A.B. asks: 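Structure in structure tokens, see below.
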Amino acid sequence: MGSYIMLLKGVALRALWLAILLAGVVSASSALAAQLGSSLLGMGSDAMRRITAAGLPLSVALPAQIALVCCFLIALRLAVEVLAMTFSYGAAVAAGIVIWVWGALSVNGAIPLGPLAQIETYTTIGQLARLPDLIVPVCVTYVLVFAALALSTVAADRSARQRPLEPPEWLAPCLGAFVVILFATYSLGTASVDVFTHAVTVFAGARGTPLQVLIELVLVVGYAFLALFRLEGLLGARASITLIRHGSRRGQILAVVGRESRQAAVFVVAVLLSAVGAYVITGGRDFSPPPETGWLLLFVLTVTQFLQVMFYVACLTAAMLIVDAPLAGLVTIGVLAALALLPIPAWTPIPIQRSATGSVLPGGGPEVLISAAVLMACTVVMFTIAALSSQIRRAARSLSPEQGAVPV
């Protein structure tokens, strides 16, 4: 059809007609089932009772159900097409299997992550009629999904025309953080408390519930994992180019520190804004004056969070340069993820989980400031080790003369 964009438009149009036809048949059958008092096709008397109890008339429920099913089926069809178009057919098949497993688990109640993680929320109007607070996040989710699919198609089209479209490096971690925090806010039910209690609960870390541990792991360690791809430029042929450009390993590391500091600062601000935005989207409106520990919470979510992210990046940089292999970065990520699962006390000199509110806030101001100082010192030490990586590798190889000299 001339381009990926035209191809996707054709796919979307065909999917729309099929979705309307299917949704119309299902909805008409459901209305008939409701009139007959049965529960045919999953939209029987129970679903209709929930809709009626919520005050939603049938004349509104049927068009809304058709629109909801159309959005889900079109998004699913386009997602599979985009994956096949930009990656491979195998990736599209794998994504289809994952979505099928997600649907099978969620309808059987095997995903205890709240209503936003259930497929019923995105496909049945009865669920939204029963939980009207989910309407806005479901709409936002669909908008984000279609926007991501559109951007992926434009990027693939420009790449095929030798004009690649490169999104800013901060976009993926910031969008990921917003989605994670939005789902976490719904799952934890923090919209009923004030915004400061909401932030403390969402970012509690390893001293909280398994979901709170997962949030901290995805946000901080997940960011470090994405930074791993940027740091691969320190290895291989590109490393020689950057070394020549900056004049020395020290200049190269200083450039990395400057770039990663900007990325981390944007990410920290995005996390803070995402926490407030998710609180408002889920119905939170209590912006009462902060408690006495309000400034400590703000310090932890900004300064300490920034230093925690930078420490993880420094660890990756040092490990990759000393070992001179990307595998070292993956191993480091695994170690950091394992340590993040442990409830490490704040008074220990271990620079892990210092940005988790459940670990440092109970100790008050002294522990918060000590945590920030420990992170700062450890980050400086790790970047210094990275700057001396050539000398460290040369000294290590000198213990094994048969391996030969190591190039700088």
Side-chain angles (χ1 to χ4, degrees), residues 112-114 173-174 176-190 193-227 264 267-276 278-279 290-291 293-315 332-376 378-379:
L113 296 178
C174 291
F178 173 74
V179 173
V180 169
I181 293 172
L182 181 62
F183 275 76
T185 303
Y186 265 103
S187 300
L188 295 172
T190 54
V193 299
D194 64 273
V195 67
F196 294 96
T197 305
H198 154 73
V200 172
T201 304
V202 170
F203 302 109
R207 291 191 174 275
T209 64
L211 178 58
Q212 291 169 317
V213 175
L214 182 62
I215 294 168
E216 183 72 11
L217 186 67
V218 171
L219 287 178
V220 183
V221 182
Y223 176 88
F225 177 75
L226 293 177
F267 175 73
V268 168
V269 173
V271 168
L272 191 60
L273 294 177
S274 297
V276 177
Y279 177 73
T293 57
W295 72 270
L296 287 178
L297 175 62
L298 187 61
F299 186 89
V300 169
L301 295 182
T302 54
V303 178
T304 311
Q305 184 94 294
F306 171 82
L307 293 174
Q308 185 72 79
V309 168
M310 288 300 297
F311 171 71
Y312 285 172
V313 172
C315 290
T332 304
I333 289 290
V335 172
L336 294 176
L339 291 176
L341 297 175
L342 303 176
I344 301 173
W347 50 264
T348 60
I350 303 175
I352 303 294
Q353 293 183 15
R354 301 285 174 169
S355 60
T357 58
S359 299
V360 296
L361 281 183
E367 286 193 4
V368 170
L369 296 177
I370 290 174
S371 297
V374 168
L375 281 174
M376 174 70 77
C378 292
T379 301

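Fair warning: this is a prediction, and the values are worked out from it, not measured in the lab.
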A.B. asks: Report yes or no: do Q308 and S371 form a side-chain donor-acceptor pair below 3.5 Å?
C.D. replies: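 Checked: Q308/S371 side chains show no N/O donor-acceptor pair below 3.5 Å.
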
A.B. asks: Walk me through whether V313 and T379 qualify under side chain to side chain contact (heavy atoms under 4.5 Å, CB included).
C.D. replies: CA-CA 9 Å; V313 172; T379 301; over 6 Å; no

A.B. asks: Nearest 0.5 Å please: distance from the CG atom of L369 over to the CG atom of L296.
C.D. replies: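 Rounded to the nearest 0.5 Å, the CG-CG separation comes out at 7.5 Å.
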
A.B. asks: Has H198 got a side-chain atom pairing as donor or acceptor with A275's backbone, closer than 3.5 angstrom?
C.D. replies: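 Yes, the answer is positive, given that a donor and an acceptor are paired below the 3.5 Å cut-off.
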
A.B. asks: For T209 and L214, what are the C-alpha separation, side-chain angles and deciding distance, and is it a side chain to side chain contact (heavy atoms under 4.5 Å, CB included)?
C.D. replies: CA-CA 9 Å; T209 64; L214 182 62; over 6 Å; no

A.B. asks: The test is side chain to side chain contact (heavy atoms under 4.5 Å, CB included); show your working for F203 and I181 and say whether it passes.
C.D. replies: CA-CA 9 Å; F203 302 109; I181 293 172; 4.0 Å; yes

A.B. asks: Please determine whether side chain to side chain contact (heavy atoms under 4.5 Å, CB included) holds for the pair I352 and Y312, giving the CA-CA distance in whole Å, both sets of side-chain angles, and the decisive distance to 0.1 Å.
C.D. replies: CA-CA 9 Å; I352 303 294; Y312 285 172; 3.7 Å; yes

A.B. asks: For the side chain of Q353 and the backbone of A340, is there at least one donor-acceptor N/O pair under 3.5 Å apart?
C.D. replies: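 Checking the backbone N and O of A340 against the side chain of Q353, a donor-acceptor pair under 3.5 Å is found.
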
A.B. asks: Do I215 and L188 touch side chain to side chain, with heavy atoms closer than 4.5 Å?
C.D. replies: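 The answer is yes, as the side chains (C-beta and beyond) meet within the 4.5 Å cut-off.
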
A.B. asks: To the nearest 0.5 Å, how far apart are CZ in F178 and CZ in F183?
C.D. replies: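 Nearest 0.5 Å value for the CZ-CZ distance: 10.0 Å.
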
A.B. asks: What heavy-atom pair brings A278 and T185 nearest, and what distance separates the two atoms?
C.D. replies: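 Looking at all heavy atoms of both residues, the shortest contact is CB-OG1, 3.5 Å.
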
A.B. asks: Sub-3.5 Å donor-acceptor pair from the side chain of T197 to the main-chain atoms of V193, do we have one?
C.D. replies: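 No.
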
A.B. asks: What's the spacing between F311 CZ and L307 CG if we round to 0.5 Å?
C.D. replies: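 The CG atom of L307 is 11.0 Å from CZ of F311, to the nearest 0.5 Å.
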
A.B. asks: For the pair Y279 (side chain) and A199 (backbone), establish whether a donor and an acceptor sit closer than 3.5 Å, ignoring hydrogens and angles.
C.D. replies: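 Not a single qualifying donor-acceptor pair exists.
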
A.B. asks: Donor-acceptor pair, distance only, cut-off 3.5 Å: does the side chain of S355 make one with the backbone of Q305?
C.D. replies: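 Here the side-chain-to-backbone pair does not exist.
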
A.B. asks: So, for V368 and V300, which heavy atoms are closest and what is the spacing to 0.1 Å?
C.D. replies: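 Heavy atoms only, the tightest pair is CG1-CG2, 3.9 Å.
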
A.B. asks: Applying side chain to side chain contact (heavy atoms under 4.5 Å, CB included) between V200 and each of V195, L301, T190, L297, report the one that passes.
C.D. replies: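 The passing option is L297.
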
A.B. asks: Measure across G205 and V213 and return the closest heavy-atom pair with its distance rounded to 0.1 Å.
C.D. replies: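 Between these two residues, the closest heavy atoms are O-CG2, 3.5 Å.
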
A.B. asks: Does the side chain of L298 reach to within under 4.5 Å of the side chain of L272, using non-hydrogen atoms?
C.D. replies: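 Result yes, sub-4.5 Å side-chain heavy-atom pair found.
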
A.B. asks: Taking all non-hydrogen atoms of both residues into account, name the closest pair between E216 and A356 and its distance.
C.D. replies: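 Distance-wise, the nearest heavy atoms are OE2-N, 3.9 Å.
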
A.B. asks: Which of these, L339, I333, T332, sits in a side chain to side chain contact (heavy atoms under 4.5 Å, CB included) with V335?
C.D. replies: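 Passing option: L339.
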
